[in-house]
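Below: one structure, written as structure tokens.
Numbered from 1 within each chain, the chains take letters A, B, ... in sequence-line order.
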Number of protein chains: 2
Amino acid sequence: MDKIDLDHTQPLNRHRILQAVRLHGPLARVDLGGIIALSPASISSITGELMRDGLIREVPGNDAGRGRGRPKVMIELTPTAACMIAVKLSINRIEVTLGDFAGGIGPVQARALNTLELTSHGLIEALIEMIEGCIAAIPADFGPLTGIGLAVQGLVHSHETLVWSPALAVRNINIAAPVARHFNLPVIAMNDADCIALSIRHRPELQAVENLAVVMLGTGIGMGLILGGRLHSASSGAGAEFGHTKYQIDGPLCHCGRRGCIESFVGDYALYRDARSMLDLPNTDALHPSEEQMQALVDLAESGHPVATSLFQQAGRALGYGLSNLIALIGPDLVLITGSGVRGYQQMETEMRRSLDEALVDTLLAQTEIRSYPWDEDLTLRGIVLQVLAGGKIS
Amino acid sequence: MDKIDLDHTQPLNRHRILQAVRLHGPLARVDLGGIIALSPASISSITGELMRDGLIREVPGNDAGRGRGRPKVMIELTPTAACMIAVKLSINRIEVTLGDFAGGIGPVQARALNTLELTSHGLIEALIEMIEGCIAAIPADFGPLTGIGLAVQGLVHSHETLVWSPALAVRNINIAAPVARHFNLPVIAMNDADCIALSIRHRPELQAVENLAVVMLGTGIGMGLILGGRLHSASSGAGAEFGHTKYQIDGPLCHCGRRGCIESFVGDYALYRDARSMLDLPNTDALHPSEEQMQALVDLAESGHPVATSLFQQAGRALGYGLSNLIALIGPDLVLITGSGVRGYQQMETEMRRSLDEALVDTLLAQTEIRSYPWDEDLTLRGIVLQVLAGGKIS
DNA sequence: CGATTTCATTCAATTCATGAAATAAAAGGG
DNA sequence: CCCTTTTATTTCATGAATTGAATGAAATCG
């Protein structure tokens with residue numbers, strides 16, 4: 001596997017075929033034709049090239065046996081055809097892993113460090129160091145390294161400038177260019193919530209959803225938006241700051257320095273802060289209650305403790321009102337609630353739906369489905385891998 | 001002009017060239033090449049066909065004379081190459097006009113009727129009757145009639161079903177299909193606010209704005225969204241109900257039956273209702289204060305009358321908070337405030353901006369420009385014409 | 001085993017965009 | 001007034017990409 005020609009992945013239909021195979025898993029050529037509206041002849045011709053280049057391969061394990069006629073030959077991406085580095089930067093933590101050509105990821109290497117004390121130079125150095133470690137560990141059977149993706153908390157501009165991040169004290173640093181120069185590879189930076197949204201929308205059953213909002217509950221409240229089938233990143237990289245839409249104009253002070261944000265009612269730190277003031281709970285780092293502390297709070301509510309219950313009800317109301325604004329403005333087909341904070345979703349749901357009924361006319365409400373989405377694994381790294389594979393361009 | 005071949009307007013680059021000429025006015029072939037990234041040879045070939053088909057023509061009035069070299073030959077669309085009917089349905093009023101191939105419109109014929117009393121059958125009949133009148137009046141030199149566009153107040157689904165409209169008592173009527181059957185023409189229905197947004201974004205100076213929100217103040221508050229350069233219509237047709245996002249959860253009752261909507265602070269009827277309760281104003285049809293009444297209210301505020309002034313200030317605050325949610329969620333590059341209600345914009349602006357400062361962190365706020373946009377003519381009909389020309393598909 | 005069905009490939013034909021070269025139409029300079 | 005320069009447009013041969021039609025391949029069914 002030496003002469004892989006990844007430069008010619010540009011021609012439109014080659015790329016579309018690769019994306020389709022990546023999305024819809026192992027797939028016969030006929031079905032490919034159906035998906036991207038191309039004649040069998042073209043499919044045959046292009047898959048022929050791709051196979052010669054080693055980018056795709058026929059699946060050994062034939063399954064769709066039943067039925068008459070010549071059996072389908074399933075094709076899939078060769079995971080090792082190429083690889084890329086995926087990096088996740090969050091508060092006090094950098095993670096890095098190897099992404100393969102099929103969109104999968106390898107083992108994650110993590111490093112704890114005090115990100116708030118980093119200079120912009122120090123940040124770049126830390127990133128480069130982690131990436132070099134990951135590159136050194138690339139198994140020998142992998143094809144060329146084609147790019148690097150950076151998933152970061154905060155506002156990203158033009159896929160390269162980190163305008164602002166809660167993880168950093170510095171602002172407006174171009175995190176893509178220096179890394180690109182150092183490795184001589186294309187580098188793309190993206191908001192972490194957008195990565196997660198991309199990753200979720202990648203699931204086959206969600207492919208048809210044109211307008212999707214993924215709301216992430218946790219310490220903060222984030223959102224990723226897929227609009228018209230494409231990731232919506234305002235050209236500024238701002239946007240999707242769902243957590244900072246308003247619930248009560250004169251409400252409590254939020255992280256962001258403003259008042260009454262949804263986040264200051266629904267975020268973990270808000271729930272724990274209020275719980276602590278009313279219950280007898282340990283006074284730890286108020287900004288980042290631990291998973292155990294939060295789970296304990298949920299358990300309390302589930303066991304019927306009135307104070308804990310009412311906290312989640314209040315959060316549910318705030319969330320419902322926030323969603324009502326989202327629905328009135330965008331009218332997504334589907335809203336998925338996920339993030340570590342879904343642990344409390346059942347406790348919030350009733351009040352959330354009551355708020356929605358209260359705030360929205362039926363005609364609007366009926367157009368949008370709202371449900372929770374399990375939070376098993378962190379989808380951020382998977383999302384940035386998909387973005388790099390999609391060719392940097394938002395698609 | 002008899003053998004116009006409009007069926008072959010589909011091939012991608014033909015269509016792109018026509019759209020580019022429509023957007024950027026009279027234009028030389030060289031410049032066209034620059035705009036849509038096509039070689040001079042291709043431009044020449046395609047414009048040749050289009051000219052032969054009579055869709056475009058060379059501009060007689062040559063202007064760009066100055067400079068060396070062969071002078072540019074400007075081309076423009078032949079307005080009479082084709083035409084379409086544009087219809088606007090609003091409360092108690094139907095308007096209809098002829099749209100030409102260049103995107104212009106002819107004289108508007110209007111008819112007043114009690115729309116709320118119409119059955120779905122009666123509505124269709126009224127529409128067809130108006131359209132027939134318009135068709136009968138098409139000047140002889142026009143090319144074929146290629147389609148019909150319906151701009152309606154309310155929620156439109158799949159470009160054909162009017163899910164709900166404030167103008168009607170009936171719901172869920174397919175207004176496109178029966179009209180299409182009757183005239184044997186493609187018919188497309190669209191929300192009126194979306195039409196206006198499309199129409200505004202059509203201006204040359206706004207072509208580059210990728211994410212644009214157009215907020216329309218008036219009796220009600222509407223919004224049209226251009227996201228990623230394309231009109232955002234939630235697949236449901238809901239969405240962009242900016243007027244019904246929330247300002248005060250327990251605020252006054254809105255038209256829509258819910259409480260605290262922006263519209264119930266900023267809408268004409270809200271301003272006039274509050275003004276009437278505090279000032280000595282005539283008690284007319286509370287739902288639809290007249291233009292004169294509203295202008296009088298603005299004049300009062302401009303002359304410094306404290307009660308009137310404070311009304312607009314309150315409206316400004318509500319508007320500001322509404323916009324802060326919009327910006328946090330979508331992060332548009334530009335927000336334009338327009339509609340008949342801009343007459344009071346100056347009175348609202350200070351408080352509006354104060355609210356924005358109060359509600360949003362600077363980093364977010366700095367990404368979005370907000371300004372007013374003059375409301376000279378009704379752009380709805382122009383918008384639906386553009387949509388029909390764009391081929392029905394949202395682009 | 002042959003008929004039928006479904007999947008995949010081959011090949012010639014067609015369409016479409018393009019680079020290079022030619023042509024067109026002006027200004028400027030002697 | 002003619003020749004050169006400059007810019008715009010067209011012509012033409014070439015090449016790339018997609019496709020319809022025909023063919024081949026691999027299974028099931030009776």
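Using modelled atom types, one side-chain atom of Asn174(A) and one backbone atom of Ala177(A) make a donor-acceptor pair closer than 3.5 Å.
Not counting sequence neighbours, the partners of Arg57(B) by the salt bridge (Lys or Arg N to Asp or Glu O under 4.0 Å) test are Glu76(B). With sequence neighbours excluded, the residues that form a salt bridge (Lys or Arg N to Asp or Glu O under 4.0 Å) with Arg29(B) are Glu58(B). Under the rule for a side chain to side chain contact (heavy atoms under 4.5 Å, CB included), the partners of Asp100(B) that lie at least two apart in sequence or sit in another chain are Pro79(B), Ala102(B), Phe142(B). Under the side chain to side chain contact (heavy atoms under 4.5 Å, CB included) criterion, Ala213(B) pairs with Met223(B), Leu225(B), Leu326(B), Pro332(B), Val335(B), not counting sequence neighbours. With sequence neighbours left out, Arg52(A) forms a salt bridge (Lys or Arg N to Asp or Glu O under 4.0 Å) with no residue at all. Every residue two or more places apart in sequence or in another chain that forms a side chain to side chain contact (heavy atoms under 4.5 Å, CB included) with Glu377(B) is listed here: Leu379(B), Arg382(B).
In this structure, Met74(A) atom CE and dA27(D) atom P are separated by 15 Å, rounded to whole Å. Atom CD1 in Ile56(B) sits roughly 11 Å away from atom P in dT9(D) (whole-Å rounding). Per the geometry, CD belonging to Glu49(A) stands 14 Å off C1' belonging to dT9(C), to the nearest Å. Rounded to whole angstrom, the span from the CZ atom of Arg14(A) across to the C1' atom of dA16(D) amounts to 14 Å. Computed from coordinates, the Ile17(A) CD1 to dT18(D) C1' distance equals 11 Å when rounded to whole Å. What separates NZ of Lys72(B) from P of dA8(D) is a distance of 5 Å, to the nearest Å. As rounded to whole Å, 14 Å separates atom P of dT18(D) from atom CG of Leu12(B). In this structure, CD1 of Ile43(A) is placed 13 Å from P of dG20(D), rounded to the nearest angstrom.
Note on Asp53(B) versus Arg14(B): salt bridge recorded, some NZ/NE/NH1/NH2 to OD/OE distance being below 4.0 Å.
Against DNA chain C, the stretch residues 22-41 of chain B makes heavy-atom approaches under 4.0 Å through Leu38(B), Ser39(B), Ala41(B).
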Table of protein N/O atoms under 3.5 Å from nucleotides 21-23 of chain C N/O atoms:
none

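When each of Gly69(A) and Ser42(A) is assigned the nucleotide of DNA chain D bearing its nearest heavy atom, the one mapping closer to the 5' terminus is Ser42(A).
Between Asn13(B) and the phosphate of dC16(C), there is no side-chain N or O to OP1/OP2 separation shorter than 4.0 Å.
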Quick one: side chains of residues 35-44 of chain A, donor-acceptor pairs under 3.5 Å with protein atoms, not counting sequence neighbours, listed by atom name and distance.
residue, atom, partner, partner atom, Å
Ser39(A), OG, Ser42(A), N, 3.2
Ser39(A), OG, Ser42(A), OG, 2.9

